[in-house]
Amino acid sequence: MEISRRLPTKPSRLTLLNESSHRHPHHKKPCWPVDSSPSPTPKASDALPLPLYLTNGIFFTLFFSVAYYLLHRWRDKIRSSTPLHVVTLTELAAIVSLIASFIYLLGFFGIDFVQSFISRADVDVEIDAETDILEADRRPCPKLMDHTSRPPIMISSAEDEEIVNSVVSGKTPSYSLESKLGDCYRAASIRREAVERTMERSLVGLPLEGFDYESILGQCCEMPIGYVQIPVGIAGPLLLNGCEYLVPMATTEGCLVASTNRGCKAIYASGGATGILLKDGMTRAPVVRFATAKRASDLKFFLEDPLNFDTLAVVFNKSSRFGRLQSIQCSMAGKNLYIRFSCSTGDAMGMNMVSKGVQNVLEFLQSDFPDMDVIGISGNFCSDKKPAAVNWIEGRGKSVVCEAIITEDVVKKVLKTTVPALVELNMLKNLAGSAVAGALGGFNAHAANIVSAVFIATGQDPAQNIESSHCITMMEAINDGKDLHISVTMPSIEVGTVGGGTQLASQSACLNLLGVKGANKESPGSNSRLLATIVAGSVLAGELSLMSAIAAGQLVKSHMKYNRSSRGFSKIVGKI
């Protein structure tokens with residue numbers, strides 16, 4: 001039977017005006033509120049057109065009377081030797097009535113089960129109700145915060161209460177709380193309360209306590225109101241260049257850590273992987289403009305002349321102890337010139353470092369090219385946080401290749417597939433399939449999955465996952481087709497072990513687990529280079545495992561088993 005729940009009706013304009021007169025004058029109401037009063041629990045009997053006792057009586061009478069009539073007719077047919085399958089119109093109607101009444105009575109005796117099923121399915125009913133609201137009104141408003149059931153306000157004094165009211169009214173800018181109060185935690189709690197009051201929505205579930213807000217002031221995040229929790233899993237040990245690493249991965253995607261861990265197991269059982277750093281250089285490319293293309297070409301020739309490189313390097317390098325100019329590459333578009341500087345950056349990711357060096361060079365060039373108009377310190381020829389062929393071809397950050405030979409026995413026992421199947425799948429999926437899709441640096445199965453998880457765990461810039469995930473995965477059968485040679489080539493892994501999010505406690509702990517925390521004083525830059533190699537090795541493990549799952553037809557089964565849990569969902573929905 002179909003069971004429906006009535007939805008709260010949209011209040012009238014007069015009701016909204018009456019309600020708004022009791023609110024704070026600075027509170028804004030973008031749309032009508034959902035009725036927060038508790039609705040009665042739906043019952044299965046609500047779907048019946050008649051009272052339950054009357055409906056039951058009708059169907060009981062119908063069932064037994066029809067059954068008696070049919071048994072009487074069948075007895076007469078047996079006595080008169082009439083075939084039982086020959087029925088009259090009256091007998092056919094009686095049979096239909098018998099079946100209908102039986103179905104109803106079956107539902108009636110199971111009504112307690114139906115009622116309990118409906119109670120457990122409250123989440124589904126709420127979702128259906130929300131869908132109906134969306135169809136009825138294109139400007140729905142999520143359920144407003146219930147001030148009677150919300151947690152206590154985290155305001156410790158009348159002074160803080162006054163500050164909250166000042167922020168809500170707009171008299172005190174939210175971004176100035178840290179500087180005015182001198183207490184980052186207090187500023188975050190006041191800002192959070194002001195947000196809840198302004199939006200009239202609860203932030204229950206977003207943690208506030210347990211975080212060092214002083215550590216992010218001026219470098220990681222502005223105007224904080226809490227922090228998001230992301231679980232960190234461990235894959236490994238990853239045997240890379242003769243050393244074992246347990247790789248921290250921060251992710252909310254089920255199967256990802258388990259799959260990467262299986263790849264690490266296969267690599268370990270086959271003797272380990274080898275990672276080679278090919279290049280290390282961060283880039284920044286300003287765009288400058290001249291009155292004519294001739295003048296732009298003059299600067300291009302000047303910058304690309306080897307005789308001028310040493311002079312430019314001295315000017316560039318004075319901005320940092322670790323930043324060392326490596327090369328300058330120019331590209332023209334009419335009278336506009338794009339200048340791509342590349343430099344080493346020690347153990348830092350190096351964007352700020354290279355930018356300062358570029359600024360020094362531009363100021364130096366103004367003396368010889370006074371007609372040069374600097375349009376922007378970045379002209380997208382770098383190219384940062386965007387898919388770009390220049391990064392795929394020339395590289396940016398750390399360029400790494402990582403390889404391993406997986407024995408036939410490991411392919412069968414650990415990866416549950418065969419070498420020919422993997423080689424064929426890689427050719428048709430990662431190479432041909434990506435080419436058909438017009439991929440740019442995406443000749444792989446899921447390199448971005450592993451790169452993102454390691455980046456978040458170790459405090460890297462997640463947005464740089466875009467170019468850092470450029471990867472081509474190659475597979476080849478060797479040793480007379482028995483063993484598998486697999487490699488990943490990643491030309492632009494952008495990582496650092498100092499600066500940015502790497503200094504936060506959780507991220508610093510993950511870097512320490514890998515043995516690359518902070519700067520390497522003995523060999524500047526070696527920690528960040530090792531981290532890039534570990535990232536590539538982890539991608540190798542992830543590619544190996546996922547491709548094996550696809551080749552063996554286990555992908556969907558694994559995700560349905562490990563990535564479809566609904567535990568706790570009803571509790572979460574109930575708090576919204």
Side-chain angles (χ1 to χ4, degrees), residues 235-236 238-245 247 260 263-264 266-268 270-283 326-327 342 344-345 349 387-407 422-423 426-427 429-431 434-435 439-455 460 464-479 483-496 514 516 525-547:
L238 171 65
L239 184 56
L240 180 65
N241 293 337
C243 299
E244 296 182 8
Y245 301 96
V247 184
T260 307
C264 291
I267 293 173
Y268 195 103
S270 299
T274 302
I276 306 100
L277 184 81
L278 304 176
K279 189 178 179 181
D280 181 8
M282 180 50 63
T283 63
Q326 297 174 337
S327 64
S342 178
S344 60
T345 58
M349 184 271 290
V390 67
N391 293 335
W392 176 240
I393 298 170
E394 300 291 338
R396 188 172 194 254
K398 277 72 174 172
S399 299
V400 183
V401 60
C402 192
E403 65 177 350
I405 296 176
I406 312 300
T407 62
L422 281 172
V423 173
N426 187 72
M427 179 186 66
K429 171 182 168 63
N430 289 342
L431 303 183
S434 296
L440 178 59
F443 298 90
N444 57 82
H446 71 148
N449 254 338
I450 290 85
V451 172
S452 294
V454 177
F455 269 32
Q460 310 305 313
Q464 290 184 322
N465 163 69
I466 296 174
E467 60 266 41
S468 296
S469 297
H470 282 347
C471 171
I472 182 168
T473 301
M474 303 292 291
M475 294 186 186
E476 180 183 351
I478 60 174
N479 299 330
D483 301 329
L484 175 73
H485 179 276
I486 177 174
S487 67
V488 293
T489 304
M490 307 179 70
S492 51
I493 302 178
E494 299 168 0
V495 294
L514 294 172
V516 294
S526 60
N527 279 0
S528 62
R529 289 192 288 269
L530 176 56
L531 178 59
T533 306
I534 293 173
V535 170
S538 303
V539 169
L540 182 74
E543 290 287 283
L544 180 62
S545 183
L546 177 60
M547 292 294 288

(Q) Let's go through Cys402 and Leu240 carefully: what are the C-alpha distance in whole Å and the side-chain angles of both, what is the deciding distance for side chain to side chain contact (heavy atoms under 4.5 Å, CB included) to 0.1 Å, and is it a yes or a no? (A) CA-CA 9 Å; Cys402 192; Leu240 180 65; 3.7 Å; yes

So, the side chain of [X] versus the backbone of [Y]: is there a donor-acceptor pair under 3.5 Å, distance only?
X	Y	value
Ser270	Ala266	yes
Ser545	Thr260	no
Gln460	Met349	no
Ser399	Pro491	yes
Asn444	Cys471	yes
Glu476	Val423	no
Glu543	His446	yes
Asp483	Ile478	no

Q: Give, for atom CD1 of Ile493 and atom CG of Leu531, the distance between the pair rounded to the nearest 0.5 Å.
A: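 That separation rounds to 8.5 Å.
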
Q.
Let me confirm one number: the CE-CG distance from Met547 to Leu422, rounded to the nearest 0.5 Å.
A.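 It comes to 6.5 Å.
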
Q. Mind checking whether Ile472 and Leu431 have side chains closer than 4.5 Å, heavy atoms only?
A.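 Ile472 vs Leu431: side chains touch.
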
Q.
Quick check: do Lys398 and Val535 have side-chain heavy atoms less than 4.5 Å from each other?
A.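 In short, these two side chains do not touch, never coming nearer than 4.5 Å.
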
